[in-house]
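A quick write-up on the structure given underneath.
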Amino acid sequence: MTVFEIKRKIIGLFYEDRKKIISGGQLSLELGFSRASMWKYINSLRKDGYVIEAFPGCGYRLKSVPDKFYAYSVAAVLNTKIIGSGGIYCYDSVTSTNGIAYKMAEEFSNEWRLVIAEEQTAGKGRMNRKWVSPKGGLYLSFVLYPDIEIDKIPSITLTIGVSVAETISMVFGLKTKIKWPNDVFVNDKKVSGILTEIKAQPDRVDFLIIGIGINVNTPYEKLPSGSASLRIANRLDFLKVLLKKIEDNYLCLKTEGFRSLREKCKSMSMILGKRVQIVSHNRIMSGVAKDIDETGALMLETGGGKLTKIFSGDVSVRKI
Ligand code: BT5
C-alpha cells in the first residue's frame, strides 16, 4: 500500500463515526501492518493537521480534522462512482482549477479527474472575466466525458447549477435561486458560479471541464459587491454531499433526459416571467424570459409573441 492509500484508509475508518475509539490492534488488523508502523502514519496525519487523540490501552479517536483538502481525505469520504474516479488532485494555490483539469484531460483521456484548490490566483469566469478566489473558499473542477450533442451542453451546466443550489438548500436550509445560465444566488446575492469549458470536434464532444466556485468562509471585503458567502464548519463534509448530488443529477440527466431537472431548474429560476436584458455575443436583446427549453436554452419573448432561443449570455433583470 502507498502512503496515500494508508492515510485514505485510516481517515476512512475514523470518518465513519468520529466519536469512535479504534484500538491500535484493530487498526493494524484493518491495515495489515504492525502497531509500530501505525504510529508512524498517525503522526504523519497529525502533521497534516488531524487531531488524533491516543487513549492508552484503548486506542485512538479522531478529535478534529484540518480545514484543508488532501487528496487522501477527499478520496476517503467521497461516495461518487465517476467524479474523481480518475484521480483527485488537491493544491494549495493554482492559477485556475479549470486550466489544470483541462490540461489533464488533454493529456490523459478518459480519466474522470477532480481538481481542488485552496485558492486561485487567476480564477476564471466566463468570457475572460475573473472569479475572485481567496484562500479557504471552494474551488473545484472535474472532467466529464458526456455522450451528448453539443447543443445540449447548456442542460449540463444547468444540472450542475441545480445540484449546487439543492446542496446549499439541503445543508443550510436556505432558499436558493438559479440565474440562467450559470449562477446560484442566496438572498439575491451570488454565492456560486459555474464555468463549463468544452473541447469538441465538429461531430462530438471530447470532454467537458466543469468548474465550480462557491464562496465559503470568505470575508465580504474580499468579494465583489453583490456576493454572498456561506459559513461552513467542515468543507469536506459539504464537498462530499455536493459531489454526490451532482453525480446523481448528472446520471439522472443521462438516463432520463433533462425533463425533471428542467422542471427543478424552472422552479428555482430567478428570471423566468421577468423582463430581462441579455447580452449574448455582443448583441443586446430585451424581452421576457419565458421558458428554459429541453436543451437548457433560454426562450426569450422579444415582442409580438416571438420566441428567440438563447444558448448563452449575461442576463440582467429590468426593473420595469
Ligand atoms: C462565473 O462566471 O460565474 C463562473 C465562475 C466559475 C469559477 C470556478 S472556480 C473553480 C473553477 N476554476 C476557475 O478558474 N473557474 C471555475 P461569470 O458568470 O462570468 O461571472 C463572473 C462575474 O462574477 C465577475 O465578473 C464578477 O462580477 C462576479 N464574481 C467574481 N468573483 C466572484 C465571487 N467570488 N463571488 C461572487 N461573484 C463573483
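In what follows, every heavy atom counts, from backbone to side chain, and hydrogens, waters and symmetry copies are set aside. Remember, it's 1-based here, ligands and their atoms both numbered in the order they're listed.
Contacts of ligand 1 (protein heavy-atom distance under 4.0 Å) are Ser96, Thr97, Asn98, Gln120, Gly123, Lys124, Gly125, Arg126, Arg129, Lys130, Trp131, Val132, Leu140, Ser141, Asn182, Asp183, Lys190, Gly193, Ile194, Leu195, Gly211, Ile212, Gly213, Asn215, Leu223, Pro224, Ser227.
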Would Lys68 and Asp48 count as a salt bridge (Lys or Arg N to Asp or Glu O under 4.0 Å) if you check the C-alpha gap in whole Å, the side-chain angles of each, and the deciding distance to 0.1 Å? CA-CA 9 Å; Lys68 185 170 157 69; Asp48 289 345; over 6 Å; no

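Two residues are said to be in side-chain contact when any heavy atoms from C-beta on lie closer than 4.5 Å; Ser64 and Leu62 fail this criterion. With contacts defined as side-chain heavy-atom distances shorter than 4.5 Å, the pair Ile271/Val317 qualifies.
In this structure, a donor-acceptor pair under 3.5 Å is absent between the side chains of Asp314 and Gln277.
The only member of Thr157, Asn98, Asn182 that meets side-chain hydrogen bond (donor to acceptor under 3.5 Å, both in side chains) when paired with Thr196 is Thr157.
Separation of atoms CG (Leu174) and OG1 (Thr176) is listed at 8.0 Å; rounding is to 0.5 Å.
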